[in-house]
Q: 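I have a structure I would like to understand better, so I am pasting it below and will then ask my questions one at a time.
Residue numbers count from 1 along this sequence. Just follow the structure's listing: the first ligand is 1, and inside any ligand the first atom is 1.
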Amino acid sequence: MAVIADDKKLSSGVLQNNLYENVNRQFNKAADLMDLDSSVRDRLSKTTNEITVNFPVRMDSGKLEMFTGHRVQHCDVLGPYKGGLRYHPAVNINEVRALATWMTWKGAITDIPFGGAKGGIQFDPSKYSKLELERITRRFTFALGNNIGPEYDIPAPDVNTNAQIMAWILDTYLSMMPPHERQRCSHVVTGKPIEAGGSIGRDKATGQGVVFSIVEWAKDKGFNLDGATYMVQGFGNVGSWVSKLLKPYGSKLVAVEDATGVIINSEGIDPDDLTIYVKANGGVGGYSKAKPGDHETFIKTKADIFIPAALENQITAETAPLLNVQLVAEGANGPTNPDGDKILVERGIDLLPDILCNSGGVIVSYYEWLQNKRSEFWDIEEVDSKLEKRMKKAYIKVRDAARNYKTDWRTAAYIVALSRLETVLKERGIFP
Ligand code: GLU
């Protein structure tokens, strides 16, 4: 089995049919409050293109298997479509629509010249060999054809996909180009291995962005991160990086949940040690330097900060009342549903919403894309300092919108995004 580290490791594969409804509820709340232009509202409430492909792949056994993949392009008014590809049994068109729409908001909040897209294949990659994964990835890329492109729609890693998978997409895409055009197309995907044109700092970027957001929140609140406690759901790329990057601040990881179990230790869990364990064992379950627990115990854990970095729809009417934290910092996309949001507000639990908090990944994807276009390689100081500055600016805009509109932070983040989109959409008008 060759499934490799990923952006966010998942627990079970529940179908997320209502996810797009969550996006629409969030969108309508913000649109009402800011009195969004009605034609802009109509345009943004629909995706632009939805591509579904069914394609055959030869398995190691010699048998053929059919796969279904999607790519949804929500809006390209701010720049090329941009967003990850996920491999998961729960991938379905509604989920991909929601994720594509969130990407548009992320680009708009962080002032990067990208629109929103998302894609995925509905299957469980842990059940396939590395060679099968390569053939699935290459055949999906072939099936998408010119629906992706370096100035048109640029995929990146997401749940259960990683730099290796991006390298296969790059190689397949370039192989389909005329030879003289290949060298100028390496920015058709981001999140590539560094040797294949990736950016230094992209691997940790989502986690780094989450940490920059938490640091800003702590400054605003006069909250001391030294000695603070936090819990993480998902210990894939995002969860593990957030934990490793919070360590120098003196914060203590007290509970982790992933698909393989729950581990709890009020004395603290060392993120570096746990990362080594997870790489060797495929998950946190069985980690001997902490006590095992169940989902309910995990949700009720007393900590200062909760960082959901796995699945959607985790903070809901059922779980939000049980949380025992001051801040939820969303590393995952869509971990809180609208009912959960309401309860967080009522309970006075602060929220760093996904479209702000986890935007570090797409921001550094933008830096990778720029480096490829300019044939440059930036160093880590340059990537990190640019990321920090951009995250801070976005954070301040969302905070100020929450104050000005006297609203919650998710709605405020939407208002920031929608205001930028409204301006551009009105300036450009419609054709014909
Ligand atoms: N999959 C990541 C996200 O949800 C990154 C997308 C990208 O870099 O394009 O934001």
Q: With a cut-off of 4.0 Å, which atoms of ligand 1 are near a heavy atom of Lys118?
A: 1 (N), 3 (C), 4 (O)
Q: Which of the atoms in ligand 1, numbered in the order shown and given with their element, are less than 4.0 Å from a heavy-atom of Gly361?
A: 8 (O)
Q: Salt bridge between Arg25 and Asp339, side-chain N to carboxylate O under 4.0 Å?
A: yes
Q: Mind checking whether Gly83 has a heavy atom under 4.0 Å from ligand 1?
A: yes
Q: Using a plain distance cutoff, I'd like to know if Arg202 has any nitrogen or oxygen under 3.5 Å from a nitrogen or oxygen of ligand 1.
A: yes
Q: Under the criterion side-chain hydrogen bond (donor to acceptor under 3.5 Å, both in side chains), I'd like the reasoning laid out for Trp217 against Gln326: C-alpha separation, chi angles, the key distance, then a yes or no.
A: CA-CA 11 Å; Trp217 169 85; Gln326 294 185 50; over 6 Å; no
Q: Provide the full list of ring pair (Phe, Tyr, Trp, His ring centres under 6.0 Å) pairs with a residue in residues 309-344, sequence neighbours left out, each pair given once.
A: none
Q: Could you go step by step and tell me if Gln371 and His187 meet the side-chain hydrogen bond (donor to acceptor under 3.5 Å, both in side chains) rule?
A: CA-CA 9 Å; Gln371 290 171 74; His187 52 304; over 6 Å; no
Q: Suppose I only count heavy atoms of Met103 and a 4.0 Å limit; which atoms of ligand 1 are within that range?
A: 3 (C), 4 (O), 6 (C), 10 (O)
Q: Less than 4.5 Å apart, any side-chain heavy atom of Tyr152 and any of Asn146?
A: no
Q: Look at atom 8 (O) of ligand 1 and find which of Ala117, Ser365, Gly209 reaches it with the closest heavy atom.
A: Ser365
Q: With a 4.0 Å cut-off on heavy atoms, does Arg86 reach ligand 1?
A: no
Q: Heavy-atom contacts under 4.0 Å between Asn333 and ligand 1: side chain, backbone, both, or neither?
A: side chain
Q: I'd like to know if Lys130 and Glu134 make a salt bridge, using a cut-off of under 4.0 Å between side-chain N and carboxylate O.
A: no
Q: Could you walk me through whether Asn49 and Asn147 pass the side-chain hydrogen bond (donor to acceptor under 3.5 Å, both in side chains) check?
A: CA-CA 10 Å; Asn49 302 310; Asn147 288 300; over 6 Å; no
Q: Side chain or backbone, does Pro157 bring an N or O within less than 3.5 Å of an N or O on ligand 1?
A: yes
